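Only a predicted model underlies this, so the values are computations on that prediction, with no experimental measurement involved.
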Amino acid sequence: MKPIDFPQEDFSKTAVVFRRPQASDGQRIWEIARDSRVLDVNSPYSYILWSQEFSETSIVAEVDGVPIGFVTGYRRPADPASLMVWQVAVDDAHRGKQIAKRMLCELFHRGTQAGVTAINTTISPDNEASQRLFAGVARALGLNFSHQPFFAAELFPNVSDDGLRESASHQPEDLYLLTPAD
């Protein structure tokens, strides 16, 4: 595995700490997801539960003791060597500093100690920012990068974020695979 090459940046004013989430981070993680305006936002309870029960496969970035980004993930039951990334978000004030990329790389390296060799995630066809993020992570980690259809649009209900109104249909979700180089 080749080393990760990050641009040299001055983080001395805002040192970013990466750590496992805790239940007490759940509310802030929910706020970051909600404020992203692009993620499918889940209940606050789900983020609290995720932070407690899936902390080994998730990560929080914090500045001055406050979470400013997160990645939630789990090991796929049918393929435990694959880390399935569920959601990635960074607070608006901290975007553009490669924090999402750094969280994903840190989480992957932590996972390799437990046998993780690949990263999987789903991304809708119109989410070019996430496609670029994961392509960059694959390059940084020396992994192959590919995708295939996964969830058809028809599988998703047409409901608004609050679950009460009909809204535009959900895009399909493609499965992106970051796998060991041949």
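Put simply, I48 and W30 are part of two different groups of oily side chains (I, L, V, M, F, W, Y) that touch within less than 4.5 Å, one to the next. With hydrophobic clusters built from ILVMFWY side chains whose heavy atoms lie under 4.5 angstrom apart, V71 does not share a cluster with W86. Residues L177 and F150 share a hydrophobic cluster, clusters being chains of Ile/Leu/Val/Met/Phe/Trp/Tyr side chains in contact below 4.5 Å.
Counting all heavy atoms, side chain and backbone alike, P80 lies closest to A78 at CD-C, 3.9 Å. Taking each heavy atom of A181 and G142 in turn, the nearest pair found is CB-O, 3.6 Å. Between L107 and E56, the shortest heavy-atom contact is CD1-O, 4.3 Å. Residues A23 and Q52 come closest through the heavy atom pair CB-OE1, 3.4 Å. Between P21 and V60, the shortest heavy-atom contact is CB-CG2, 3.5 Å.
Two residues are said to be in side-chain contact when any heavy atoms from C-beta on lie closer than 4.5 Å; L178 and F108 fail this criterion. Contact of the N42 side chain with the W50 side chain is not registered, since no non-hydrogen atoms from C-beta on lie closer than 4.5 Å. Between L141 and H109 there is a side-chain heavy-atom pair separated by less than 4.5 Å. With contacts defined as side-chain heavy-atom distances shorter than 4.5 Å, the pair D174/I123 does not qualify. Taking 4.5 Å as the limit, every side-chain heavy atom of N127 sits out of range of all side-chain heavy atoms of V38. Side-chain contact check for P67 versus R19: some heavy-atom pair is nearer than 4.5 Å. Side-chain contact check for Y176 versus V85: every heavy-atom pair is 4.5 Å or farther apart. Contact annotation: the side chain of S58 never approaches that of S51 to less than 4.5 Å [non-hydrogen atoms, C-beta and beyond].
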Worked check of side chain to side chain contact (heavy atoms under 4.5 Å, CB included) between R28 and E31: CA-CA 5 Å; R28 178 67 183 130; E31 291 169 351; 3.4 Å; yes
Verdict with reasoning, M84 to L175, per side chain to side chain contact (heavy atoms under 4.5 Å, CB included): CA-CA 10 Å; M84 182 68 161; L175 180 64; 4.0 Å; yes
Side chain to side chain contact (heavy atoms under 4.5 Å, CB included) between K101 and L133, worked out: CA-CA 7 Å; K101 182 177 181 181; L133 168 64; 3.9 Å; yes
Working for side chain to side chain contact (heavy atoms under 4.5 Å, CB included), residues R110 and R20: CA-CA 10 Å; R110 185 191 326 148; R20 288 180 174 84; 3.2 Å; yes
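In this structure D92 satisfies the salt bridge (Lys or Arg N to Asp or Glu O under 4.0 Å) test together with R95, sequence neighbours excluded.
Counting side-chain heavy-atom gaps under 4.5 Å among Ile, Leu, Val, Met, Phe, Trp and Tyr, the cluster of Y45 also holds L49. The hydrophobic cluster around V17 extends to none of the other residues, as no ILVMFWY side-chain heavy atom falls under 4.5 Å of it.
Counting non-hydrogen atoms of neighbouring residues, nucleotides and ligands closer than 6.0 angstrom, the CD atom of E128 reaches no more than 12 such neighbours.
Here the CZ-OG1 distance, from F145 to T179, works out to 10.5 Å after rounding to the nearest 0.5 Å. Taking SG from C105 and CD1 from I119, the interatomic distance works out to 7.0 Å, rounded to the nearest 0.5 Å. How far CD1 of I32 is from CG of L39: 10.5 Å, rounded to the nearest 0.5 Å. Interatomic distance, CZ of F156 versus CZ of F151, reported as 6.5 Å (0.5 Å rounding). Rounding to the nearest 0.5 Å places CG of L104 at 10.0 Å from CZ of F18. The CD1 atom of I99 sits 13.5 Å away from the CZ atom of F70 when rounded to the nearest 0.5 Å.
Q27 places no side-chain N or O within 3.5 Å of a backbone atom of Y47 that could act as its donor or acceptor partner. In this structure, the side chain of R139 does not engage the main chain of V137 through any donor-acceptor pair within 3.5 Å. Panel note: side chain T72, backbone Q87; a donor-acceptor pair is recorded below 3.5 Å. T57 places a side-chain N or O within 3.5 Å of a backbone atom of G73 that can act as its donor or acceptor partner.
E173 and T122 share a donor-acceptor pair across their side chains, judged by distance under 3.5 Å alone.
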